[in-house]
Amino acid sequence: MTILVLADHHDGMLAGTVSRVVTAAREIGGTIDILVAGHDCGAIAAAAAEIAGVNRVFCADDPRYEHGPAERIADLLVSLAPGYDVLMAPASSAAKAIMPRVAAMLDVMQVSEIVAVRGPDRFDRRIYAGNAILTVEAQDSCKVLTVRASAFADAGRGAAAPIEPIAPIEGPALSSFVSLEASRSDRPDLATARVVVSGGRALRSKESFAELILPLADRLEAAVGASRAAVDASFVGNDVQVGQTGRIVAPDLYIACGISGAIQHLAGMKDSRVIVAINTDAQAPIMRLADFALVADIFEALPELTRKL
Amino acid sequence: MSLKIIVPVKRVVEASVRIRLRSDGGGPDIANAKMAMNPFDEIALEEAVRLREQGLADEVLAVSIGPQAAQETLRTALALGADRAVLVETGAAIEPLAIARILAAIVAEEGAHLVLMGKLSIDEDNNQTGPMLAGLLGWGQANCASNIALSQNTARVTCETDAGLETRDVPLPAVITADLRLNEPRYPSLPNIMKAKKKPLETRPLDAFGIDTSPRLRRMEIREPPERQAGLVVESVDDLIARLREADLIPSGRAVQ
Ligand SMILES: Cc1cc2nc3c(=O)[nH]c(=O)nc-3n(C[C@H](O)[C@H](O)[C@H](O)COP(=O)(O)OP(=O)(O)OC[C@H]3O[C@@H](n4cnc5c(N)ncnc54)[C@H](O)[C@@H]3O)c2cc1C
């Protein structure tokens, strides 16, 4: 098998999820190449080359790939596809726009967000907000896959693979970048963090979210997450929504504060190794799921927890 | 330019229903489940109707590909403001790639310049039909929209991404997929439900399209995910900290300050 992994990156940094996709690629088995498309992305390509098990890294470094235009990157992938049996990428927001476009252009049915590799063309994925596991066998000769990174371990580092520049593809831009309202933080990335502290509607305001959740996250060197209700109420940015329609996480420790545990929220975090829930309602669904459930008011429990850690 | 918007809508198990699997391994038991329009499609439809109400679009066509019962979903779409509806009737489960092909054929027939659709359907969680359709048509696309400003021939779309909110200009024709925060869909009013009964709803057999819809993915098995073991109710914050230290989940030994 020949496998091409599309790298995800932000702010000049390779996403931690890429190494996990390489792990999935190694389970499929074969030669693994990585494609980095961006502008001034040499350092990203260098980081990708150090992932264990990578054969070579293609670097498409060109202004037209800045800010990841899905249409152009899809064209680039389609041009490389004839050399590969498998095209895969982490199921990031970027790949969710690019990979199905590629699949359709190649007349291939994508397998979305695989959580296990059961054979070279057999994969598990979750359906119905995580409430069922579906095993599918891909019949197309070229396979297009996105990978739920939280379900695979980091591949580790190896000897640096060679990096080869590749020329951009001509063609229309179709859409153009205007602006990015980035939520910057020095915290670990939600997708690969070992600890996640999440807040829900019970936080009541942006201010109390900042006062109660952030210091605890700082103490635990954790990523910050949120329920949809908390994001809808603008306590935090959209990029930290955990759930069926947000980010999928599976950290060693997930602390849900004032979150009820709706099906759609559970879909994003129930594969966490240990779940802690703090809620005034002992009957809330998340309390039944939690490994450690603390019936308490977060306005008292969170400051105490942060202070005592 | 007159603008026609196509909004694909799917009939799915209602979002709050926790599905059960059939004991014969045949997948989710939806025979008696409450069904509804996929919530993301509802948001896409609301956006399309608002664009028409603002005079920025001329016609909103709702399309569903599915069983006869999806007529009900289309009637809801008409009650919510769609002008016309088309059901492409099939009893078979059709994969996103084939759905995208059927939609591409309808887009061509109708001469539509904008497709507004949900970013995913909450049953199969594939997240792929929108970009597939854009790829087949060779159109520009914007995924997971939380805001759309339409002017002349361009849509300025704010997209929810892993890095934050990204705004892009997409010239029409285009496919835009809707995320949760794009708008809050209205409820159908009684007069509009009555009016919807008189709006045109055309049913067409899938065969009429001459598109190969045979599945590319073989469904081998559907099973329940492993149950989590029942947890423990901890008595206090101190108790919680002790348990987490015991499990080596948080650094131990830091003195109380
Ligand atoms: C199509 C669709 C997609 C969705 N996608 C997502 C998604 O991706 N992610 C997501 O999270 N949701 C999603 N939702 C929304 C989901 O259904 C819930 O509405 C949402 O998760 C609720 O958020 P919450 O738990 O913060 O709020 P609530 O359900 O209101 O829960 C608040 C909780 O806080 C507790 N509480 C209140 N006060 C205190 C206090 N002082 N101390 C401690 N506890 C307190 C309450 O007992 C309650 O359990 C989606 C819904 C739909 C229809």
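Every heavy atom of this structure was used, including side-chain atoms; hydrogens, water molecules and symmetry mates were not.
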Most heavy-atom pairs under 4.5 angstrom with chain A, which of [options]?
options                                : value
B:Thr154, B:Ile241, B:Thr167           : B:Thr167
B:Glu227, B:Glu224, B:Gln229, B:Lys119 : B:Lys119
B:Gly231, B:Ala247, B:Ala174           : B:Gly231
B:Asn126, B:Leu136, B:Leu120, B:Val233 : B:Asn126
B:Asn143, B:Val17, B:Thr177            : B:Asn143
B:Gly27, B:Pro226, B:Gly164            : B:Gly164

Any side-chain heavy-atom pair from [X] and [Y] closer than 4.5 angstrom?
X        : Y        : result
B:Asp125 : A:Gln244 : yes
A:Tyr128 : B:Val13  : yes
A:Asp107 : B:Leu97  : yes
A:Glu137 : B:Leu217 : no
A:Leu253 : B:Leu244 : yes
B:Pro96  : A:Met109 : yes
B:Glu160 : A:Asp239 : no
A:Ile133 : B:Ile222 : no

What part of [X] is in contact with chain A, defined as an atom under 4.5 angstrom from a non-hydrogen atom: side chain, backbone, both or neither?
X        : result
B:Arg228 : side chain
B:Ser236 : backbone
B:Pro225 : both
B:Ala100 : neither

Does the distance from a Lys or Arg side-chain N to an Asp or Glu carboxylate O, for B:Arg243 and A:Asp291, drop under 4.0 Å?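 A salt bridge is absent here (no side-chain N lies under 4.0 Å from a carboxylate O).
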
I'd like to know if B:Arg223 and A:Asp124 make a salt bridge, using a cut-off of under 4.0 Å between side-chain N and carboxylate O.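 So B:Arg223 pairs with A:Asp124 through a salt bridge.
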
How far apart are the C-alpha atoms of A:Leu134 and B:Arg219, what are their side-chain angles, what is the distance that settles it, and do they pass the side-chain contact (heavy atoms from CB on, under 4.5 Å) test? CA-CA 7 Å; A:Leu134 169 67; B:Arg219 294 166 89 92; 3.8 Å; yes

Does A:Ser176 have any side-chain contact (heavy atoms from CB on, under 4.5 Å) partners at least two apart in sequence or in another chain, and if so, which?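 Only B:Asp169 meet the side-chain contact (heavy atoms from CB on, under 4.5 Å) criterion with A:Ser176.
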
Pair A:Val136-B:Arg218, side-chain contact (heavy atoms from CB on, under 4.5 Å): steps then yes or no: CA-CA 5 Å; A:Val136 294; B:Arg218 236 168 88 203; over 6 Å; no

I'd like to know whether [atom1] of [X] has more than 12 heavy-atom contacts from other residues, nucleotides or ligands below 6.0 angstrom.
X        : atom1 : result
B:Ile211 : CD1   : yes
B:Glu109 : CD    : yes
A:Met13  : CE    : no
A:Glu221 : CD    : no

Work out which heavy atom in [X] is nearest to a heavy atom in [Y]; give both atom names and the distance.
X        : Y        : answer
A:Ala103 : B:Met132 : CB-CE, 4.0 Å
B:Gln141 : A:Ala97  : NE2-O, 2.9 Å
B:Gly135 : A:Met105 : O-CG, 3.9 Å
B:Arg168 : A:Gly68  : NH1-O, 4.4 Å
A:Phe292 : B:Val234 : CD2-CG1, 4.0 Å

Where on [X] is there a heavy atom nearer than 4.5 Å to chain B: the side chain, the backbone, both, or neither?
X        : value
A:Gln241 : side chain
A:Leu294 : both
A:Pro69  : both
A:Gln264 : side chain
A:Leu190 : neither
A:Ala290 : backbone
A:Ala132 : both
A:Val108 : backbone
A:Arg118 : side chain
A:Glu71  : side chain
A:Ile263 : side chain

Do you know which of A:Val195, A:Thr146, A:Ile127, A:Asp252 has the most heavy-atom pairs under 4.5 Å to chain B?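 Among A:Val195, A:Thr146, A:Ile127, A:Asp252, the one with the most close pairs to chain B is A:Ile127.
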
When A:Arg288, A:Met99, A:Lys270, A:Glu113 are compared by non-hydrogen pairs under 4.5 Å with chain B, the top option: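 Greatest number of close heavy-atom pairs with chain B: A:Lys270.
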
Throw together a table of side-chain donor-acceptor distances under 3.5 angstrom for residues 225-232 of chain A, partners on residues two or more places apart or in other chains.
| unit_1 | atom_1 | unit_2 | atom_2 | d |
| --- | --- | --- | --- | --- |
| A:Ser227 | OG | A:Ala229 | N | 3.3 |
| A:Ser227 | OG | A:Ala230 | N | 3.3 |
| A:Arg228 | NE | A:Asp232 | OD2 | 2.9 |
| A:Asp232 | OD1 | B:Arg181 | NH1 | 2.7 |

Is there a side-chain contact (heavy atoms from CB on, under 4.5 Å) between A:Leu309 and B:Ile250? Walk through the geometry before answering. CA-CA 8 Å; A:Leu309 281 175; B:Ile250 54 174; 3.3 Å; yes

What is the distance from atom [atom1] of [X] to atom [atom2] of [Y], rounded to the nearest 0.5 Å?
X        : Y        : atom1 : atom2 : value
A:Gln139 : B:Arg216 : CD    : CZ    : 10.0 Å
A:Arg122 : B:Met220 : CZ    : CE    : 3.5 Å
A:Asp8   : B:Asp162 : CG    : CG    : 6.5 Å
B:Glu166 : A:Glu181 : CD    : CD    : 11.5 Å

Sidechain-backbone polar pair: A:Arg126 side chain, B:Glu124 backbone, donor-acceptor under 3.5 Å: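 Flag not set: sc A:Arg126 to bb B:Glu124 has no pair under 3.5 Å.
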
Backbone of B:Thr161 reached by a side-chain donor or acceptor of A:Ser93 within 3.5 Å: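 Such a contact is absent between A:Ser93 side chain and B:Thr161 backbone.
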
Assess whether side-chain contact (heavy atoms from CB on, under 4.5 Å) is satisfied between B:Val237 and A:Glu300, documenting all intermediate values. CA-CA 10 Å; B:Val237 168; A:Glu300 287 158 20; over 6 Å; no

